Amino acid sequence: MTEQRRAYADLLDVLVKVGLILVVATFVPHVLGILSPRVSIDRSSELWSLPLDEYLARTEARPGLWWVSTLRYADYLPLAGVAFLATVSGICYLRVIPVFARKGMTAYVVIAALQVLVFLVAASGVLAAGGV
Amino acid sequence: MFVPIVGSFFPFSLDFVRAAGLIVALAGSLAATPFQLRRGYAYLKLMLPAGLVSSVGAIVGARVGLELPGSLVQLLLGLCVLGIALLMLFARNAEHPRIAAPDPLSVALGINGTYHEASTGETVRWQVRNTPLALVLTLGVGFLAGMFGLGAGWANVPVFNLLMGAPLKVAAATSTFLISVSNTSAVWIYLSSGAVLPVIVVPSVLGMVGGSRIGVRLSAVVKPHAVRFIVVGLLILSGARALLKGLGI
């Protein structure tokens with residue numbers, strides 16, 4: 001097995017386990033009622049059949065990075081776990097870029113760096129749709 | 001299959017179902033990839049160029065999908081799913097395609113490899129062809145995956161296997177790896193657009209993890225053509241339902 005493949009696999013293995021645990025752990029306060037939700041489950045169930053823009057309008061939610069400010073609420077806290085899972089691949093790419101560079105695999109350094117840039121643009125919220 | 005089935009038979013808006021479908025597929029592919037990398041079936045060199053292109057397609061697809069009216073997306077999803085069912089019915093994958101000569105791009109990028117085939121004890125060497133065309137198709141597949149919230153294995157595997165000529169095990173494993181990258185990009189779009197509802201996502205991810213453990217055990221005893229029959233049947237059913245829903249019937 002190549003060094004870059006081993007590095008990617010080993011790091012991914014750890015991160016995905018952490019991510020899945022986080023997704024579940026951050027949902028527990030909502031299930032147990034330990035934290036208050038921003039939108040009650042009753043209200044959410046009345047609205048979750050609506051198109052996204054209507055749902056956002058009725059819950060006074062906003063697109064972009066606004067969700068970060070809502071993590072103190074039980075129904076939004078699991079988004080932290082989802083976001084972590086969505087970060088895992090980027091972290092693994094950053095792990096293997098130095099390996100590619102050390103081996104003189106310039107094309108893959110460029111491809112991997114561009115991929116990280118794509119992840120960052122997607123995560124920045126500038127391409128978000130919907131909103132009030 | 002998550003989006004067609006849940007989107008057709010549950011009351012959730014397709015916007016939330018698509019986001020959940022992407023996250024379920026992402027979690028599954030992330031969990032499976034370390035094993036496939038260590039077994040030597042998933043390849044970074046094969047995945048990285050396709051992953052970059054597919055990510056861009058997925059972002060555009062997600063963005064376009066969130067702007068279109070729900071009924072139109074439902075209609076298009078129905079057509080897409082029925083197309084996938086037809087592809088699964090008639091496409092015949094090749095276990096070890098024969099490559100006359102690799103294309104110049106794959107040679108320049110060093111897209112080739114060897115793996116140990118456990119069933120025969122042989123070391124299989126492989127190389128690929130048609131890399132530029134495959135990247136173009138991967139862009140389109142990424143677009144569809146981002147737009148409809150689908151995992152893209154149904155298209156990526158034929159691209160890697162039939163078009164590029166990668167062995168089937170390499171194609172399937174690298175496709176799973178690719179989903180972990182392209183879906184990551186699309187998930188960020190849905191997350192920042194407010195389309196991720198944890199009350200749908202978390203139970204779905206848990207269900208996928210539990211179901212896959214059961215599925216692994218069942219796969220040892222269930223015949224492959226029976227699985228194919230069930231999957232195609234479910235796709236036709238849910239695709240038709242999505243089509244009718246999109247037509248307001």
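Being a predicted model, the structure only gives us computed values, none of them experimental. Labels below follow one simple rule: chain letters A, B, ... track the order of the sequence lines, proteins then strands, and each chain is numbered from 1.
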Contact part of B:L109 toward chain A, heavy-atom cut-off under 4.5 Å: side chain, backbone, both or neither? both
So for A:D75, is it side chain, backbone, both, or neither that comes closer than 4.5 Å to the heavy atoms of chain B? backbone
Please look at A:V88 and chain B and tell me whether the side chain, the backbone, both or neither of the residue comes under 4.5 angstrom of a heavy atom of that chain. side chain
Quick check on ring pair (Phe, Tyr, Trp, His ring centres under 6.0 Å): which of B:F35, B:F160, B:Y115 does B:Y41 satisfy it with? B:Y115
Would B:T33 and B:Q36 satisfy side chain to side chain contact (heavy atoms under 4.5 Å, CB included), going step by step from the backbone distance to the final call? CA-CA 5 Å; B:T33 294; B:Q36 299 287 19; 5.5 Å; no
Region of A:L77 that comes under 4.5 Å of a non-hydrogen atom in chain B: neither
Flag the one option from B:G110, B:S55, B:A108, B:G113 with the top tally of heavy-atom pairs under 4.5 Å to chain A. B:S55
Chain A heavy atoms under 4.5 Å from B:I59: which part of the residue, side chain, backbone, both or neither? side chain
Given a strict heavy-atom distance threshold of 4.5 Å, which part of B:V199 is in contact with chain A: side chain, backbone, both, or neither? both
Whether A:Y73 and A:Y76 hold their rings parallel, tilted or perpendicular, with breakpoints at 30° and 60°: perpendicular
Using non-hydrogen atoms and a 4.5 Å limit, figure out which bit of A:L65 sits close to chain B: side chain, backbone, both or neither. neither
Which answer fits B:V205, side chain, backbone, both or neither, if we ask what part of it has an atom under 4.5 Å from a heavy atom of chain A? side chain
Do the charged groups of A:D10 and A:R95 touch, with an N to O distance under 4.0 Å? no
With a 4.5 angstrom heavy-atom cut-off, could you sort out which part of B:L30 is near chain A: side chain, backbone, both or neither? both
Short side-chain to backbone donor-acceptor contact, B:R63 and B:I189, under 3.5 Å: no
Between A:V126, A:L79, A:V23, A:L114, who has the most heavy-atom pairs with chain B when the cutoff is under 4.5 Å? A:L79
Nearest 0.5 Å please: distance from the CG atom of B:L243 over to the CG atom of B:L247. 5.0 Å
Is B:V201 in contact with chain A via its backbone, its side chain, both, or neither, using a 4.5 Å heavy-atom distance? side chain
Which atoms of B:L206 come close to chain A, meaning under 4.5 Å heavy atom to heavy atom: side chain ones, backbone ones, both, or neither? side chain
Heavy-atom pair count under 4.5 Å with chain B, highest-scoring of A:S124, A:S49, A:P78: A:S49
Sidechain-backbone polar pair: B:K245 side chain, B:G7 backbone, donor-acceptor under 3.5 Å: yes
Got a donor-acceptor contact below 3.5 angstrom from the B:D15 side chain to the B:A195 backbone? no
Side chain / backbone / both / neither for B:F16 at chain A, heavy atoms under 4.5 Å: side chain
Mark yes when over 12 heavy atoms from residues, nucleotides or ligands other than B:R129 sit less than 6.0 Å from its CZ; otherwise mark no. yes
A:A123 portion near chain B, given a 4.5 angstrom heavy-atom threshold: both
What part of A:S45 gets closer than 4.5 Å to chain B, counting heavy atoms only: side chain, backbone, both or neither? neither
Can you tell me which portion of B:I23 sits under 4.5 Å from chain A's heavy atoms? Options are side chain, backbone, both or neither. side chain
Salt-bridged, A:E3 to A:R6, with N to O below 4.0 Å? no
Under 4.5 Å from a heavy atom of chain B, the part of A:F27 involved: side chain
Using 30° and 60° as the class boundaries, would you call the ring planes of A:Y8 and A:Y93 parallel, tilted or perpendicular? perpendicular
Where on B:A42 is there a heavy atom nearer than 4.5 Å to chain A: the side chain, the backbone, both, or neither? backbone
Counting neighbours of CZ on B:F10 that are heavy atoms of other residues, nucleotides or ligands and sit closer than 6.0 Å, is the number greater than 12? no
In terms of heavy-atom proximity below 4.5 Å to chain B, should A:W48 be classed as side chain, backbone, both, or neither? both
Side chain, backbone, both or neither of B:F177 within contact of chain A (heavy atoms, under 4.5 Å): side chain
Are A:R5 and B:Y43 in a cation-pi contact, defined as NZ or CZ under 6.0 Å from the six-membered ring centre and within 45° of the axis? yes
